[in-house]
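The structure under discussion appears below in the form of structure tokens.
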Amino acid sequence: MSSLSLPLLIGLLSAPDALATPLPFWSYDAFPGDAPLSGVDGWESSYPEDTWIGLYGEPTLACPLTDDVAPDCGSDWSGACNNHLSWSGATIKDGVFSAGFITYDDDAPGFLFGRQSADDHLLLVFCGANAGGSCPVDSLDLPAVAILHVHGGAVDVLSSLSGGYEEEVAMQVTIAVNEGRIHATWGEAGAETDAIDAVMPDERPMTGIGFYAYDAGAADGTYLAFFSPVLEVFDEDNDGVYDDIDNCQRDPNADQADLDQDGVGTRCDPGEEAPADSDPPDSGDSGEPVDEGGSAEEKEPASVAGGCSCAATADTSGVGLAGLLLLGLAVRRRVEQNR
């Protein structure tokens with residue numbers, strides 16, 4: 001696989017907000033077992049022929065059912081080209097979306113973000129584990145990884161790299177959006193080694209988020225499963241207030257004081273004089289932990305203990321032999337019931 005180029009890496013790390021601290025915001029681990037997911041807890045399927053299903057396991061799993069393909073997604077991005085399961089329960093401009101996936105096929109799993117509508121979103125797609133896999137974008141040489149902008153039935157390739165993913169291996173994916181830049185990493189769980197970058201095509205929040213599948217469902221007897229989605233928000237000044245709502249993004253002001261009520265916090269407003277006893281930067285040691293289990297509700301961001309500047313990642317530790325056997329048995333049963 002191709003890795004992040006040196007110029008892009010230098011540009012990313014030299015940006016003043018590149019090390020913004022993410023705070024826990026939302027996570028989900030309650031996909032209902034062997035049941036349709038579209039309409040559950042705010043999850044929505046964009047392709048009527050595929051309701052997706054949930055499978056119990058550790059963690060719980062979200063799986064596409066169909067293996068439908070389309071004649072030309074490049075000129076008509078609809079129907080099977082647009083098979084995703086998304087969650088749009090919060091509007092976050094800048095943040096980090098992490099999740100895991102495992103597949104027994106060589107086709108095209110992916111991750112949705114920046115969803116404006118069912119036919120206007122951004123997509124990180126993995127086109128095949130090898131040259132024999134499937135891809136909704138004919139112009140890419142397989143295997144490939146690409147960041148796409150889907151809009152109005154058309155698709156733009158914002159960035160692409162040669163490379164694929166490992167079959168039958170739990171993979172970790174992280175997509176960060178900050179100040180108009182996209183930075184995605186992926187690799188075997190706990191060892192993300194590959195990355196791709198792109199620029200946002202327009203001003204939009206990074207949410208909704210979700211999962212994508214093209215010719216990668218269970219109908220042909222092979223399986224694809226997604227799990228443990230996590231959404232975080234950036235806190236550049238590490239004061240416990242995330243950037244989207246912080247009135248001084250680069251100056252710690254946990255109290256958010258704004259004496260002249262102009263929307264710019266007193267701490268960073270040249271027209272105001274910050275009080276001498278303004279709150280110091282929040283160390284994070286007193287932050288309340290965020291309960292990330294079993295709920296689709298938004299979480300009030302809490303300070304990260306120790307001021308960790310790394311994004312939380314999806315928990316893939318539970319995807320062992322027993323979990324994979326359960327995955328195969330449950331999906332096989334579901335497919336047989338639908339025949």
Side-chain angles (χ1 to χ4, degrees), residues 24-67 83-90 97-105 109-113 115 118 121 123-124 168-175 189 207-214 216-219 222-232 290-299 312-338:
F25 186 81
W26 171 89
S27 63
Y28 192 84
D29 63 358
F31 295 113
D34 201 20
L37 297 182
S38 188
V40 173
D41 290 337
W43 291 95
E44 175 187 351
S45 171
S46 62
Y47 182 43
E49 283 75 6
D50 197 340
T51 61
W52 294 58
I53 61 168
L55 296 174
Y56 282 123
E58 186 56 48
T60 60
L61 307 167
C63 305
L65 286 171
T66 68
D67 283 286
N83 184 14
H84 58 74
L85 181 77
S86 63
W87 181 83
S88 301
F97 171 36
S98 302
F101 79 96
I102 186 167
T103 181
Y104 291 84
D105 209 339
F111 294 83
L112 186 89
F113 62 106
R115 183 184 186 273
H121 54 266
L123 188 65
L124 172 68
E168 302 184 30
V169 173
M171 303 289 288
Q172 168 73 28
V173 173
T174 298
I175 302 170
T207 49
I209 55 176
F211 313 125
Y212 175 79
Y214 181 75
T222 55
Y223 317 115
L224 165 65
F226 298 92
F227 51 90
S228 302
V230 174
L231 181 62
E232 297 172 293
V290 173
D291 177 11
E292 295 187 350
S295 173
E297 296 180 359
E298 296 170 34
K299 314 295 185 183
T313 56
D315 180 9
T316 58
S317 59
V319 185
L321 178 59
L324 299 183
L325 289 174
L326 175 63
L327 168 63
L329 290 173
V331 178
R332 281 184 190 276
R333 183 173 67 251
R334 182 72 178 186
V335 171
E336 289 171 357
Q337 290 173 350
N338 287 344

Quiz item: Name the one of Tyr214, Phe113, Tyr212 that satisfies side-chain contact (heavy atoms from CB on, under 4.5 Å) with Leu123?
Solution: Tyr212

Quiz prompt | Heavy-atom pair of closest approach, residues Gln172 and Ser98 | solution = NE2-CB, 3.7 Å

Exercise. Please report the closest heavy-atom contact between Ala218 and Tyr223, naming both atoms and the distance.
Key: CB-CD2, 4.1 Å

Self-check item: Tyr47 backbone acceptor or donor facing Asn83 side chain under 3.5 Å
Solution: no

Quiz item: Roughly how far, to the nearest 0.5 Å, is the OG atom of Ser45 from the CD1 atom of Ile53?
Solution: 12.5 Å

Quiz prompt | Contacts of Phe31 that satisfy ring-ring contact (aromatic ring centres under 6.0 Å, His included) - sequence neighbours left out | solution = Tyr28, Trp43

Self-check item: Which residues share a side chain to side chain donor-acceptor pair (under 3.5 Å) with Thr66, sequence neighbours left out
Solution: Asp50

Quiz item: About how many Å separate CG of Leu224 and CG of Leu61, when rounded to the nearest 0.5 Å?
Solution: 10.0 Å

Exercise. Determine the minimum heavy-atom distance between Phe227 and Ala225, stating which atoms define it.
Key: CD2-O, 4.2 Å

Exercise. Ignoring hydrogens and angles, tell me if any N or O in the side chain of Asp29 forms a donor-acceptor pair with the backbone of Ser228 under 3.5 Å.
Key: no

Self-check item: Side-chain heavy-atom pair Trp26, Ile209 within 4.5 angstrom cut-off
Solution: yes

Quiz prompt | side chain to side chain donor-acceptor pair (under 3.5 Å) partners of Ser46, counting only residues at least two apart | solution = His84

Quiz item: Which atoms form the tightest heavy-atom contact between Ala216 and Pro64, and what is the distance?
Solution: O-CG, 3.8 Å

Quiz prompt | ring-ring contact (aromatic ring centres under 6.0 Å, His included) partners for Phe111, two or more places apart | solution = Phe101, Phe226

Quiz item: Is any side-chain heavy atom of Pro229 closer than 4.5 Å to a side-chain heavy atom of Phe97?
Solution: yes

Self-check item: Partner set under side chain to side chain donor-acceptor pair (under 3.5 Å) for Asp105, not counting sequence neighbours
Solution: Thr222

Self-check item: Shortest non-hydrogen separation from Glu44 to Arg115 and the atoms involved
Solution: OE2-NH2, 3.6 Å

Quiz item: Counting only N and O atoms by type, is there a donor-acceptor contact under 3.5 Å from the side chain of Thr207 to the main-chain atoms of Ala90?
Solution: yes

Quiz item: Can you name the nearest heavy-atom pair linking Ala170 to Ile102, along with the distance?
Solution: N-CD1, 3.8 Å

